[in-house]
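In what follows, a single structure is set out as structure tokens and then discussed.
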Amino acid sequence: MSQVGLDIVVCVKQVPDPEGPSSSFTVDEENVRVVTSGIPPVVSPFDENALEAALRLKKAGGGRITLLSAGTKISNPVMLKALATGADNLVLVQDGSLDYSGTDSRSTAALLAAAIGRMDAYDLVLTGRQAADTNAGQVGVGIAGFLGIPAITFAGKIDIAGDKVVVERVLPDGYEVVEGPLPLLVTVSHEVGDLRYPHIAEIKRAKEIPVARWTAEELGVDVKGEKVTELVGISAPRISRRCELVEGDTQREAGENLARALRRDGVL
Amino acid sequence: MTSSGEHTGVLVFAECSSGGNVTRLTREIMGLGGELADLLGEDLSAALIGSGLQEPGRELVALGAGRVYVADDPELSTYNPGLYVPVMRDLIGDARPGIVVFGHTPAGQDLAPRLAFEMGTALTTDCVKLDIDAQSRRLLATKPVYGGVGLGSYRSDKSPQMATVRPRVGREREPDPAAAGEQVMLSVDADATGAALRHVRTVGEEAEGVRLEDAPVVVSGGRGIGGPEGFEKLEAVAGLLGGAVGASRPPCDLGWMPSTGQVGITGKNVAPDLYVAVALSGSSQHLSGMTDSGKIVAVNNDPDATIFTVADYGVVGEWSEVVGGFTEALRGLLSERE
């Protein structure tokens, strides 16, 4: 462990804004992909929660935060905004082959673990509980596996107590408290809280931060060779129904008519 | 790496409720695992890890498991990856199943990736469909991607092939009390002292009334509800219908509703007989958790809201007015029936 405070690595994935209207996502069945238009890239929301957790730990006990992102085309403004919330370093692993079909959870975890292993120091590695595009929720645990460190999933709260990390792990009807040693990987859930907004002055500071750029080859990772799953098809879910619009002279009456329509059709 | 030919059969990771019976989701994935085993002409088995497992062991045999592997030890009563991973890893190493199916539960979501990475094999999480590819006889695992905008199907050449499955995907089979099947007791060295992670305690936030996942009617509100007071009105409607109140993500993030009430890809998947969506627009991540509901009602002041495209009944208007009228008429109709 380092002398003062923790060295925290936060893995951030760039995704098309999942809050964008569903009309901006098109399923391209022939080419087995989802095409997006007119929506900006963002940091995957759970990764933002992971960064917020890191910022709070840094505030409480000092330390350094390194952002790590891998992908094909990583947007400067997206990473700059994340850096400006209070992170210290940025490592990008950029490679044309690291796209949706060229990687899977295992190869991504291998790549990120190799990048983390190359860093001078790491005590705590944070990832989002799952990415907004693949929704797989595997990479965090995979990174820990490759690094040979323990992992705790679905954190709603993270505290440091001496040389231990105390995590509230989110459950469907509450939470469980789990303790782990450092170094440790924790996957973070949205219960941690939203990522803060950067101060204007911080954006200037973030622009000065040198970016470390590594490639899969430099890291000695055969991304294709690590891949174990193949995306073989993609289709649009057929969920649309015929909606009967219920009306009334007033909105209140429309509500009354809704109850009657449900009774008429035997729903109630 | 072993070749796929050496792996055979379908293994289901079974989970028990606090009452000591196997969970509904376990019964569902036993049904689903049985269908896959039938398609392949192979055997169905189950892995049961916990404490005091005689009754659930018998239940799993009745549900079609030719063999139930049981790891029964007081130390295993709560899910702990440090103890569960070695048990499953050794079992899979010995039994060599072709497919391993988990529920998409807190334990399944944690355990399955750990095993997959350790064994160098493939896992598809949050599946809404499992099938056998007719040509390759490999598992085809289908799951929502991009928050439910698309359904991606995944296949792997590595074995065993693993998947976690959502609730309400598999069909329960009628238990057969006369079914033949053996229970194999696994020798366990469950010593938590050596594990890196320590489970300190579990804190329940059990909601009052009907559980969201089991409710026949769910009344959900979105950001448009405006605050916690609004959710009290939805409580009244849910109470009249014997249902539960849910929410999209914003009300939970804003603290109007406990996060245990969230419906969607990162909350709960529900499929009640009737789902009433009030003042929520229908983000894909929310839709992904409720579109299997029997009938869907949408109330929203925006006629172009996505929620209307998945609804059977819709009212365009201010939610408080519409729900006010709805509640009043409902009271009348329900008293008529009695």
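Between chain B and the options A131(A), A261(A), A136(A), P18(A), heavy-atom pairs under 4.5 Å are most frequent for A136(A). Taking C243(A), S105(A), S23(A) one by one and counting their heavy-atom pairs under 4.5 Å with chain B, the maximum is reached by C243(A). Counting heavy-atom pairs closer than 4.5 Å to chain B, the top-ranked of the candidates G137(A), A254(A), A109(A), A151(A) is A151(A). When V177(A), I234(A), N257(A), V166(A) are compared by the number of non-hydrogen pairs under 4.5 Å with chain B, V177(A) comes out ahead. Each of Q130(A), Q251(A), R260(A), E191(A) has some count of heavy-atom pairs under 4.5 Å with chain B, and the biggest count is that of Q251(A). For the set P172(A), P150(A), A236(A), G156(A), the entry with the most heavy-atom pairs within less than 4.5 Å of chain B is P172(A).
With respect to the salt-bridge test (charged N to carboxylate O, under 4.0 angstrom), the residues R114(B) and E118(B) do not qualify. A salt bridge is absent between D265(A) and K295(B); no separation between the charged side-chain nitrogens and carboxylate oxygens falls under 4.0 Å. Residues R166(B) and D126(B) are paired through a salt bridge, judged by an N-O separation under 4.0 Å between the basic side chain and the carboxylate.
How far NE2 of H286(B) is from OG1 of T306(B): 11.5 Å, rounded to the nearest 0.5 Å.
The stretch residues 141-159 of chain A participates, sequence neighbours left out, in these side-chain hydrogen bond (donor to acceptor under 3.5 Å, both in side chains) pairs: T153(A)-R169(A), T153(A)-D110(B), K157(A)-D159(A).
Annotation: R223(B), atom CZ; neighbour count of heavy atoms from other residues, nucleotides and ligands within 6.0 Å does not exceed 12. Within a 6.0 Å radius of NZ in K227(A), more than 12 heavy atoms belonging to other residues, nucleotides or ligands are found.
With hydrogens and angles left out, the side-chain atoms of S189(A) and R129(A) include a donor and acceptor closer than 3.5 Å. Side-chain N/O atoms of D104(A) and T229(A) include a donor and acceptor closer than 3.5 Å.
Looking at Q285(B), there are no atoms closer than 4.5 Å to chain A (heavy atoms on both sides), in backbone or side chain. Both the backbone and the side chain of V232(A) come within less than 4.5 Å of a heavy atom of chain B. Residue contact with chain A, scored on non-hydrogen atoms closer than 4.5 Å, involves the side chain of E328(B) exclusively. Neither the backbone nor the side chain of D17(A) comes within contact range of chain B; no heavy atom of the residue lies under 4.5 Å from a heavy atom of that chain. With a 4.5 Å cut-off on non-hydrogen atoms, R242(A) touches chain B through its backbone but not through its side chain. Using a 4.5 Å cut-off between heavy atoms, Y175(A) contacts chain B through both its backbone and its side chain. Within the 4.5 angstrom heavy-atom criterion, no atom of I149(A) approaches chain B. At a 4.5 Å heavy-atom cutoff, the contact between E230(A) and chain B is made by backbone and side-chain atoms alike.
Remark: of the listed residues T125(B), L25(B), L115(B), L115(B) is the sole one forming a side-chain contact (heavy atoms from CB on, under 4.5 Å) with F102(B).
Within residues 26-44 of chain A, the residues having any heavy atom less than 4.5 Å from a heavy atom of chain B are, in residue-number order, V27(A), V34(A).
With a 6.0 Å cutoff to the six-membered ring centre and a 45° limit on the axis angle, R249(B) counts as a cation-pi contact of F46(A).
Relative ring orientation between F25(A) and Y146(B) is described as tilted, the plane-to-plane angle lying within the 30° to 60° band.
Without hydrogens or angle criteria, N135(A) side chain to G147(B) main chain gives a donor-acceptor distance under 3.5 Å.
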